[in-house]
Amino acid sequence: MTTTTRWRALTRHNLFWPVAVLVALLLVNIPFTPDFFAIHMTDGHLYGSLVSIVLFGSPLILVAVGMTLVIATGGIDLSVGAVVAITGALTCSYISDQKDQDALAGVLLAMGLGLLAAVVCGLWNGFLVARMGIQPIIATLIIMVAGRGVAQLITDGQIITINSEPYKLIGGGYWLTLPFSIFVVAAVVAVTVALTRRTALGLLVESVGGNAEASRLVGIRSMRIKIMVYVFCALCAGIAGLMISSNTSAADGNNAGLWIELDAILAVVIGGTSLLGGRFSIGGTVVGALVIQTLTTTIYTIGVPTQTNLVFKAAVVIVVCLLQSPKFRAKVFGARAKTTAPATPAAAPAEPAPKMEVS
Amino acid sequence: MAEPQPVLEMTGIVKEFPGVRALSGVDFRLFPGEIHALMGENGAGKSTLIKVLTGVYTLDGGTITLDGRDVRIGSPLQAQHAGISTVYQEVNLCPNLSVAENIFIGREPTRAGRIQWKRMRKEAAEMVDRLGLDIDVTAPLSSYPLAVQQLVAIVRSVGHGDSDGSGSGTKVLVLDEPTSSLDRDEVLELFRLMRRLRDEGVAILFVSHFLDQIYEICDRMTVLRNGTLVGEHLVRDLDQVQLIELMIGKALDQLEELHDHQLHADVGESLLTAEGLGRTGGIEPFDLDIKKGEVVGLAGLLGSGRTELARLLFGADQPDAGKVTIGGKQVSMSAPNDAIGAGVAFCSENRKTEGLVPDLTVRENIILALQAARGWTRPIPTAQRDELVAKYIKALDIRPANPEARVGQLSGGNQQKVLLARWLITQPKLLILDEPTRGIDIGAKTEIQKLVVSLSEDGMSVLYIAAELEEVLRLSHTIGVLRDRKLVARLTNGPEITPSKILETIASGEQSGEQQ
């Protein structure tokens, strides 16, 4: 009895299904790659599939964390991919103009410029959504489309390649045996959690997303809150843009961060944050982003033919979403629970989804 | 009046919701060619009865007879096919489509799968014409004011029977609060259309909170109270005071004895003064003065402007005339923040949509107003927060006494207490309570009223809105009486103020006796 209640408490935890899916996906790899979980040390750097998943997933985690807060206010930000491109383009073009690309001061200034551009994009989004009352999906569509053009203007339509040792660190370097990106991601996640949970920002964001009218009547300045989350989201995308361009030592206005907004939205949803706004979970989003990256890796390791890649990915996403739907679980698992436990009276055909309203 | 066969007869209608018996054995009948008012206070079962009739709810007991035949109405579509059409308060049409398209949407005349636009426009024009309306059917619906849109909705619903080939036509037209957002001329236009339909033999069921309108247009009325039938009367047999008595359900002399609770506390200097404050379509400009520690009650029927008045004092709606002074300083009232900054708190009558954030916990909901005032950078320290929350959960006896419970799962009374706690924690100077006791059990009702008295004794001013006159009388030092979106009288509570006097004031719309 106690084990079942404990099991039930565990399955009710908001991170249970995302983590379960992540573990399942990781396990799928074992028959195909027996040493999937092995991690070995070469030249003082740790290598292994798990490390790669986190490394390659870093930009997505960053973008998704920012996206989480936007979605929690009931909005959405489609422009993050374009912001990735703009940041990378601006930073790389500034560095490439330097005489000494290895000069730390120049690199830092370049990164600052790139991030400033990201913040400006965020302010624009926030202004349109919060001040002008434009629907978020439309407001952010503007930079999603125009931003790529801006990025290409900055790079003159070329792919700018650079050769800067200090800049290489953020996306491709190592520190304390681990990829430096992992530390960046850890820092951003920690800052985000502190920012939302150590201050009252998280509560106010959830309140605005959970009931906008009630929040207005309680005196929350939702306009400020909304602008803030769009700026934060763009800043996260900017850092991801630095990471991507640093990893390849190049700025590609056309392809950097292409479709990352869709993966990020998916990661947020898999992580258990509702697209309707309200409650959000940064931890869930990180797991969600890892699920998506693991899926991509798995597709390569188990040798799914390239042309069916996307179909395979879509199929897994459908399964994940279905698993997260309480209605679906009640239908499928509830029905099975009945057949395995005939003692329960037949009156209840399936375990009812937890009733939220008792008024 | 020689009474012919009723077109609609509902007998012994029962409708139950979990824990509530919304209708217990209600009889209702409707004759062809009459306009019949369904009267009752909020929660009396009017809308439930309408929803049973129009197939939105399935009934749990009783029978419905239409034209002498037993019918089972399982869905709104079935109701339409049976000849019962409904027009709701909000116009459920597509503003971007043309008038003709709106009239025919879902049943467009087609030939070989193609819509016959020409025929549709022609028929729509004929229908509009037949009802004596001057509307261009090719113009988009949104180019017309709300009132005309409402008329189009009526045309659409009465036209239905004619065009779907059943040949039955509309026998019963249900108009649920159609006039609540119309001005006087628009109402007259609507009435003209209603009379015309009546003369064609349609039976019209009319619901409105405006008593004058009932007396102007209706022939007969049925009064409900607490889900039971009180009576059916010819409108000319019942005057307004009698009607209100029936709706409220207390013989007036019974109410008198409750009067000993009346307060005579010393109230201090003026806290809030409103001069000429008003909002078009909300409430006509009014003057109001609330003193420190004073409880001002607002009495009036639902829709008389009680809520609108309160919302203006909180900046929830922006006034378009007048000014508000709080504590000697003028406050702009352009947003709730302005009012909150001046020490005003507001518990909305709509707990779910305008009060609670259902996903958040009890604790989070309680600290929300205080936290909003402090700004996001200054979270309330954990220890202080938990202490405050625990204190108010205990003081107001919120159950379950678990700050981590999701507030959406609480009962109505406890949700109301959470909202009260949210504002009390901010220590406001003026607390506006709009229907704080609606839909909650009797125990919680009493507790909330006691709380108001003790808050007032501690020097907090309270603006108290309640549909129940006894509550207003019991708690208030001063009573503002509203009627038809106008503050018509201000009565100082005292032995001479009785429920009947308030009812008289509501019914007559004039200040009588002592002025103040």
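On a predicted model such as this, the values are computed, not experimentally measured, just so you know. Letters go in sequence order (proteins before strands), and every chain restarts at 1.
Within the 4.5 angstrom heavy-atom criterion, only side-chain atoms of B:Arg422, from C-beta onward, approach chain A. Heavy atoms closer than 4.5 Å to chain A are found in the side chain of B:Arg311, but not in its backbone. There is no contact between B:Thr382 and chain A, counting heavy-atom distances below 4.5 Å. Both the backbone and the side chain of B:Ala369 come within contact range of chain A, with heavy atoms under 4.5 Å apart. With a 4.5 angstrom heavy-atom cutoff, A:Arg198 touches chain B only via backbone atoms. Looking at B:Leu370, neither its backbone nor its side chain comes within 4.5 Å of chain A, counting heavy atoms on both sides. Contact annotation for B:Leu368: both backbone and side-chain heavy atoms come within less than 4.5 Å of a heavy atom of chain A.
Interface with chain B: from residues 225-236 of chain A, residues A:Met228 qualify, criterion being any non-hydrogen pair under 4.5 Å. Residues of residues 202-219 of chain A having a heavy atom under 4.5 Å from any heavy atom of chain B, listed by number: A:Leu203, A:Leu204, A:Glu206, A:Ser207, A:Gly210, A:Asn211, A:Glu213, A:Ala214, A:Arg216, A:Leu217, A:Val218, A:Gly219.
A 6.0 Å sphere centred on CD1 of A:Ile137 holds no more than 12 heavy atoms belonging to other residues, nucleotides or ligands. In this structure, A:Trp124 places its CH2 atom where only 12 or fewer heavy-atom neighbours from other residues, nucleotides or ligands lie under 6.0 Å away. Counting non-hydrogen atoms of neighbouring residues, nucleotides and ligands closer than 6.0 angstrom, the CZ atom of A:Arg224 reaches no more than 12 such neighbours. At most 12 heavy atoms of other shown residues, nucleotides or ligands fall within 6.0 angstrom of atom CZ in A:Arg131.
In this structure, OG1 on A:Thr196 lies 10.0 Å from CH2 on B:Trp376, to the nearest 0.5 angstrom. For the atom pair B:Glu364 CD and A:Arg279 CZ, the distance stands at 4.0 Å (nearest 0.5 Å).
Closest of all the heavy-atom pairs between B:Pro379 and A:Ala200 is CB-N, 3.9 Å.
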